[in-house]
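Some notes on the structure that comes next.
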2 protein chains.
Amino acid sequence: MAVTIRDVARASGVHISTVSRTFSAPHLVNPNTRSRVLAHAEELGYRPNRAARALITGRTYNIGLIVADIANPFFPPLIKAAESQARKHDHHIFVADTNEDAALEEEVVRALAKQVDGVLLVSPRMSNTLIEQLSREVPLVVVNRQIAGIPAVVMDVARGARTAVEHLTALGHRHLALLGGPRGSWTSREIRRSAAATARTAGAELTIIGPNAPTEFGGLTVAQDVLRAGATAVLAYNDLMAIGLIEGLMAAGARVPADVSVVGIDDIMLSRLTRPKLTTVATPTAAAGRAAVDMLLAHGDDRRTTAHIHLQTELVIRDSTGRGPGPHSPADPGDVNAPEGVAS
Amino acid sequence: MAVTIRDVARASGVHISTVSRTFSAPHLVNPNTRSRVLAHAEELGYRPNRAARALITGRTYNIGLIVADIANPFFPPLIKAAESQARKHDHHIFVADTNEDAALEEEVVRALAKQVDGVLLVSPRMSNTLIEQLSREVPLVVVNRQIAGIPAVVMDVARGARTAVEHLTALGHRHLALLGGPRGSWTSREIRRSAAATARTAGAELTIIGPNAPTEFGGLTVAQDVLRAGATAVLAYNDLMAIGLIEGLMAAGARVPADVSVVGIDDIMLSRLTRPKLTTVATPTAAAGRAAVDMLLAHGDDRRTTAHIHLQTELVIRDSTGRGPGPHSPADPGDVNAPEGVAS
DNA sequence: GCCATTAATGCAAGCGGTTGCACAGCTGTC
DNA sequence: GACAGCTGTGCAACCGCTTGCATTAATGGC
């Protein structure tokens, strides 16, 4: 049915090994022969079977990409960038969604291991130990997690969280809440650590709420907790939770940002479009996707590339944060509230 | 390095064919032998190499999924559902993003053909002829396109467009605009055909604007065209364009829905969260992803499954549509505008 | 108790390629 | 003109696995 190397060999009157070399070691074949073979290959529509090739060479030209939830708007830009970068290097991408389930992550890595050159683990939920173990079975690049000896791309959320908390305390907020992310999230721990340290320095109180599902619903359901805690400003694990929280706060009669300020993390497309527009910490997701693919492909060359790439984050101030009850720092503009802010 | 069938055979003291049969034809091997082999396989961490198996059986247990733009929020829920459904049947999914480029679609299908059992072509931009040709090289299931002889999953956008236009004319709008989608989109043509027919029946005028990029920016840039045309209601090819259009209209000083009503299509998550909340035609994207995978997997059994599955759409009335200048149908509630509608 | 079945396993070819090695023909050197 | 050294190609083994066929042992019918 499909055209194989044998068909091309027969048509060109050469041995299959010559056809093989025409594609994988062109300098070893006579230019005349080569062009004849290429012509016949073209005519027959021949394409080397990558799986067959991989059987011998060990290179599949495939990459596995494992994410917690494709439908979470944080991931698609990363997937898109990774796919595009991979294809630039003639690689294809397997995408798997683990539904925030650590056990499933392990299973999928193992299932994919044999048919990929490496796996990108984005925001994994499983333990470091397990990741280290898996990295002995298949080349791994981890995004949003730091593990000694494992190549990683991390976004500097700690700095992002610090900037966000400083923004809030500068606005005069003295009682902050932090909505934690899912259990097992390195990012969530980083944020908590950094936010706690920054709040302490600023002399502000910080109530931790969570872990929570990193979804709109996860934010929606803790609105009452935030109000009950008496916080006037909230930093959420991600934008989705921040948006859900705002919905929940409004439903409870609280105004954002007049009564409660909310900051998200990620700067997903949504954040510009909700009302009030969300103040958030922008994370370079596309760059992370590209960098992770690059690391994985470089990995093949020198075995022990265990570098960690750090990507900067940036606070984007929009309309969901405003003055708190305390004195605000004059350095910070007081009227960050948008004129088109939601009606009170 | 990796453990192969030979390692398991050696450990179990049987021939490799017995190990092979233990996994792919268990009824042919003695229960005692089988359990012994399984025990050793488990212990060694053996997993059959799917690529090697595929070489002989022709079944890869992989599926290709080709979309125009992963970052377009319409696609992720579909991808997620397809991936989940595929994994339920022990298949993995290659995801490729073609950036709305028809030529790239063809290239990717061909590149993937040898290592998948079939390809899901979601909202393809290439020609029917080319799709027919490709379907002779690899099993294809098309989503959002109808081609005789090719299995397809289509969402009934024609009906959705009709319902949307009827909604608008019932509100008293007499001059409508339609924002077309990208060139090559079957959905876009369906919408146009249906909207035109419905508008004619209702005696309303319909201005067609497009083709356009199916993005927020694509909607934003045609806001002026809409105003210039004098339309008081707009049906957009998708929610993203509708949202961009609303931004553009507001920037130009027009109020939504007071001056112009806007209806989108898709009901992406965003649509509930923007202000005003978007009236839109909900399309069953997750169901489409599942159905497409099911069709592809069934395809293997009886060769000529060329059924077309039709999925229903539904108009979701929110806050972006309101009364037009003409008489409105009493059957239609007049006060669809939300109380929290954007300030005038 | 003999023969035809049947059950369980081994053997080996082959899926579509790659690659180390052998070999033939040509070139250039002395 | 003999020989070393290329260059270009063919040969055959092999990657990890499946599968038709052969082989052997055990079973059952009469």
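Residue numbering restarts at 1 for every chain, and letters A, B, ... go by the order of the sequence lines. Worth knowing before you read on, the calculation uses all heavy atoms, side chains too, and leaves out hydrogens, waters and symmetry mates. These figures come from a predicted structure and were not determined experimentally.
A heavy-atom distance below 4.0 Å to DNA chain D is reached by these residues of residues 29-44 of chain A, ordered by number: Val29(A), Asn30(A), Thr33(A).
We find that OH of Tyr61(B) is positioned 14 Å from C1' of dC17(D), with the value rounded to whole Å. Summarising the geometry, the separation between CG on Leu28(B) and P on dT6(C) is reported as 15 Å, rounded to the nearest angstrom. Rounded to a whole Å, the CZ atom of Arg10(B) is 11 Å from the P atom of dG16(D).
At a cut-off of 3.5 Å, with distance as the only test, no side-chain donor of Arg6(A) or His15(A) sits close to an acceptor on the other residue. Between Arg34(B) and His27(B), the side chains place no donor N or O within less than 3.5 Å of an acceptor N or O (distance only, hydrogens not considered).
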One character per nucleotide, please: for nucleotides 11-18 of chain C, 5' to 3', B when the base has a protein heavy atom closer than 4.0 Å, S when only the sugar-phosphate does, - otherwise. BB-BBBBB
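Here Glu42(B) does not pair with Arg47(B) in a salt bridge; the nearest charged N to carboxylate O distance is not below 4.0 Å. Salt-bridge check for Glu132(B) with Arg136(B): failed, with every basic side-chain N at 4.0 Å or more from each acidic carboxylate O. Checked for salt-bridge contact, Arg125(B) and Asp101(B) miss the test: no charged N lies under 4.0 Å from a carboxylate O.
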Stepwise side chain to side chain donor-acceptor pair (under 3.5 Å) check, Arg59(B) with His91(B): CA-CA 10 Å; Arg59(B) 289 214 57 178; His91(B) 284 243; 3.3 Å; yes
Would Ile93(A) and Phe94(B) satisfy side chain to side chain contact (heavy atoms under 4.5 Å, CB included), going step by step from the backbone distance to the final call? CA-CA 5 Å; Ile93(A) 289 229; Phe94(B) 280 113; 5.8 Å; no
Pairs under 3.5 Å (Watson-Crick or G-U), crossing ones as [ ], inter-strand ones as |: DNA chain D comes out as ||||||||||||||||||||||||||||||
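Looking only at side-chain heavy atoms (C-beta outward), Ile63(B) and Leu296(B) come within less than 4.5 Å of each other.
Tested against Glu83(A), the residues Gln85(A), Arg87(A), Lys80(A) include a single side-chain hydrogen bond (donor to acceptor under 3.5 Å, both in side chains) partner, Arg87(A).
Shortest non-hydrogen contact noted between Tyr61(B) and Arg50(B) is CB-NH1, 3.1 Å.
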